[in-house]
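Worksheet for the structure shown next.
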Amino acid sequence: MGDPKQYWKENVGLVVKLLSIWFIVSFGMGILFIDYLNEFQFFGFPFGFWMAQQGSIYVFVALIFFYVVKMNVLDKKFGVQENDDDISVNSVKKDKR
Amino acid sequence: MDIQTLTYVFVSISFALYIGIAIWARAGTTDDFYVAGHQVHPLANGMATAADWMSAASFISMAGLISFMGSDGAMYLMGWTGGYVLLALLLAPYLRKFGQFTVPDFVGERYYSNTARTVAIICALFVSFTYVAGQMRGVGIVFSRFLEVDITLGVLIGMAIVFFYAVLGGMKGITYTQVAQYCVLIFAFMVPAIFISILMTGNPIPQLGFGSELIADQGVYLLDKLDGLSTELGFGKYTSGNKSTFDMICIVAALMVGTAGLPHVIVRFFTVPKVRDARLSAGYALILIAILYTTAPAVASFARLNLINTVSEANYSATPEWFKNWEAIDLIAWRDKNNDGKIQYVAGDAFKGKPIFTSGNGPSGERLLLNVDGGSVNELYIDQDIMVLANPEIAQLPNWVVALVVAGGLAAALSTAAGLLLVISTSIAHDLFKKMLLPSITDKQELLFARIAVGVAVLIAGYFGINPPGFVAQVVAFAFGLAASTFFPVIFMGIFYKRMNKEGAIAGMISGLVFTASYIIYFKFIDPSANNENHWWFGVSPEGSGTLGMTLNFMVAFTVSSLTAAPPKNVQDLVERIRVPRG
């Protein structure tokens, strides 16, 4: 098992990066700069309107799946992934019983 | 077959399905009852989470709200989906690793304090009861409009169904019924959307359809047409917003953070076998939710355009049947101000407040109203909630589509109600009795307590459904505001800030709770006339006050915890342990 401190650091680093994108597409493009972006036509949509009502949601989905894949890699790298026979044995509750 | 017969058929089939699943998935232990034995497949949990989350509000009301708000409606779309990113990245995996049954459990253990647990129980109960009353009301409205039964009888039927599968199956029964309910509701939402998209734009994918050219108006984009008509009638452009930027940010943030902090959503992530399943199932949940949430704005613009085309300058006597049906149950009202027999639909209130009908009829056959005129020549009142239910009729889709939408609306309301009732029952049986008042009860007794608690909760929810407190709509802001200003910060700091101690957490939760509750109560109940931008703090509406409450919570918690002793060693070890998936 790798160093838990380093694992946590890399985990938090990934989360910060992904949440920055989350912030930019929703609060940034969907709210703060919506009027500016609306001056660009994106198919039949004003672009800012499309980001707020469609685009941001697609990005949210992509962010979570990217996180899932990255975290599984990170878990393996530090040897902290769960084994298949660990089902529900790993919970704190069971430890105590 | 006529709409009513078809509706009975569809609703009966879906109810029979839910009951069948409940009998198949009975719960034997408290593990089964609270968290489905931690054995739910991530995809199944994703579907169940999606159904749990998408309530009567998402299914019935949201597209209608967006339809009338235009661009600003994006607050619901981003707010109610963006929360899942927070949930997946910041809370779900760690709470699953922690591995107990409820949110108050986590708060109580992490902050080694029964006071913290009690505050959490109160918040969980308040949020859940607020929410569940709205669901039962939704069931009642759907029944009364489409099955022509009394609202009371409708609520009673809904209660009986939920009672049956929640008491029998607990979380296990609820999970698998929610999987079925997800399928019903998404099918019911998509079919009319696809139909209308084809009819209006020729594009079968609604998400693309509302950015396409109109069939009826070659070469004109749907949204351009809608912008033009809206502006002409004085509503302003559909694709640009009216709300102030800062208020919009606060509302979206409160909805996102509130979503991530809602106990009935969080508890779903306790049901999967592993930490990595919790991450994955949050992804599945959002993708399944996104199907509806990206379709809703399309439905909103289709409905808006269809509505304007159908009613504007139309003769009342020539309006389609749906118009009179909704008028008959008070959700549409028309006052012929200039006595021309035609409907003038422009910006502004037709009259003050909700319609109050007299028994008489006007010259065109419309129902007469007692209300005082609003300051506009607008003659039409439309309740925003009817848009999704009326949409298939407005677009003249076949009867079976209308019936399907009814079954979908019921599925959405019942699935959310069941999830909330379970939170209520767990909070009482597990957090209150087992953990605090009667720690010596056995698993079997606790299970009995949990079942009784669900039963009682169903009765209370039903009572509120039949006699809705006038403030159901207002208190939804409450549920999100409270979740945002209490649960999210304490859970987040509990995981990411090891130094956070019980003094900080309790002080933070209480200040967030008191601030947000006072802000909403003041503007919604004590002095509603002051509920406008001039009186709001920093221009933030009560809907966005959860963001202020959350900020306050964080500030108070950090200050207090830095002035008091660090949490004990075993709690710090607990935090270390929940941060890694294995062990």
Side-chain angles (χ1 to χ4, degrees), chain A residues 1 4-5 7-8 11-12 14-16 18-19 21-23 25-27 30-32 34-35 38 41-46 48-68 71-72 75 78-84 86-88 90-95, chain B residues 31 37-39 66 71 73-75 77-78 81-82 84-86 88-90 93 96-101 109 207-208 210-213 221-224 239-241 245 248-249 252-253 256 273-276 279-280 282-283 286-287 290 293-294 297 496 574 576-583:
Chain A
M1 191 160 141
K5 284 221 165 62
Y7 169 79
W8 185 244
N11 176 2
V12 172
L14 175 65
V15 167
V16 169
L18 296 180
L19 286 184
I21 301 175
W22 166 84
F23 184 85
V25 296
S26 53
F27 294 97
I31 301 176
L32 285 169
I34 187 168
D35 291 335
N38 273 343
Q41 182 85 3
F42 180 71
F43 299 95
F45 301 97
F49 176 86
W50 185 82
M51 274 311 292
Q53 300 214 342
Q54 297 276 300
S56 56
I57 302 176
Y58 300 130
V59 176
F60 295 155
V61 172
L63 287 175
I64 297 184
F65 279 98
F66 185 79
Y67 172 76
V68 169
M71 283 308 285
N72 286 342
D75 287 353
F78 283 86
V80 294
Q81 80 277 28
E82 300 142 294
N83 297 324
D84 287 335
D86 278 352
I87 296 177
S88 82
N90 62 358
S91 67
V92 177
K93 172 180 67 90
K94 291 284 159 78
D95 289 352
Chain B
D31 244 29
H38 299 295
Q39 298 293 331
I66 300 170
S71 180
M75 68 167 74
L77 298 165
M78 290 192 285
T81 53
Y84 276 84
V85 180
L86 298 175
L89 271 54
L90 301 177
R96 174 60 195 91
K97 176 64 192 302
F98 174 70
Q100 296 215 355
F101 295 138
E109 297 275 322
Q207 284 87 342
L208 303 177
F210 83 126
S212 305
E213 293 174 8
Y221 281 119
L222 185 144
L223 287 172
D224 290 340
T239 56
S240 46
T245 303
M248 186 85 178
I249 287 178
V252 170
M256 281 181 174
K274 294 194 188 64
V275 173
R276 65 164 183 265
R279 296 177 193 137
L280 183 60
L286 183 57
I287 216 170
Y293 271 64
T294 52
F496 284 82
L574 170 77
E576 294 285 343
R577 214 157 56 237
I578 60 175
R579 287 178 176 183
V580 287
R582 175 188 272 180

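Small disclaimer: the values here were computed from a predicted structure and weren't measured. Just so we're on the same page: letters track the sequence lines, and every chain starts at 1.
Contact detail for Ala88(B) and Pro93(B): the closest heavy-atom pair is O-CD, 3.3 Å. In plain terms, the two heavy atoms of Pro297(B) and Gln53(A) that are nearest each other are CB-OE1, 3.1 Å. The two atoms that bring Pro46(A) and Leu223(B) nearest to each other are CD-CD1, 4.3 Å, heavy atoms only.
Most heavy-atom pairs under 4.5 Å with chain B: of the set Val25(A), Asn72(A), Asp35(A), this distinction falls to Asn72(A). Per-residue counts of heavy-atom pairs under 4.5 Å with chain B were compared for Phe27(A), Trp8(A), Phe43(A), Phe42(A); the largest is that of Trp8(A). Counting heavy-atom pairs closer than 4.5 Å to chain A, the top-ranked of the candidates Leu86(B), Thr239(B), Thr245(B), Leu208(B) is Thr239(B). Taking Phe496(B), Tyr84(B), Tyr293(B) one by one and counting their heavy-atom pairs under 4.5 Å with chain A, the maximum is reached by Phe496(B). Residue with the most contacts toward chain A among Gln207(B), Met256(B), Arg279(B): Arg279(B) (heavy-atom pairs, distance under 4.5 Å). Between chain A and the options Ala253(B), Gly241(B), Gly73(B), the largest number of non-hydrogen pairs under 4.5 Å is found for Ala253(B). Taking Leu14(A), Ile31(A), Val68(A) one by one and counting their heavy-atom pairs under 4.5 Å with chain B, the maximum is reached by Ile31(A).
Proximity to chain A (any heavy atom under 4.5 Å) is shown, for Met75(B), by neither the backbone nor the side chain. Of the atoms belonging to Val12(A), it is side-chain heavy atoms, and not backbone ones, that fall under 4.5 Å from chain B. Of the atoms belonging to Asn11(A), it is side-chain heavy atoms, and not backbone ones, that fall under 4.5 Å from chain B. Looking at Tyr7(A), the atoms closer than 4.5 Å to chain B (heavy atoms on both sides) all sit in the side chain, from C-beta outward. Only the side chain of Ile66(B) comes within contact range of chain A, with at least one heavy atom under 4.5 Å from a heavy atom of that chain. Interface residue Ser26(A): backbone and side-chain heavy atoms are both found under 4.5 Å from chain B. Looking at Tyr58(A), the atoms closer than 4.5 Å to chain B (heavy atoms on both sides) all sit in the side chain, from C-beta outward. For Ile34(A), the part sitting under 4.5 Å from any heavy atom of chain B is the side chain, from C-beta outward, and nothing else.
Contact check for Leu18(A) versus Val85(B): no side-chain heavy atoms found under the 4.5 Å cut-off.
One distance of note links CG of Leu286(B) with OG1 of Thr81(B); it measures 6.0 Å at 0.5 Å rounding.
Using a distance-only test at 3.5 Å, with no hydrogens or angles considered, no donor-acceptor pair links the side chain of Arg577(B) to the main chain of Phe98(B). Proximity of a side-chain donor or acceptor of Trp22(A) to a complementary backbone N or O of Gly82(B) within less than 3.5 Å is detected. Put simply, the side chain of Arg276(B) gets close to the backbone of Glu82(A): a donor and an acceptor are under 3.5 Å apart. When atom types are taken as modelled, the side chain of Gln54(A) and the backbone of Ser56(A) share no donor-acceptor pair closer than 3.5 angstrom.
Ring orientation note: the planes of Trp50(A) and Phe45(A) are tilted relative to one another, at an angle of 30° to 60°.
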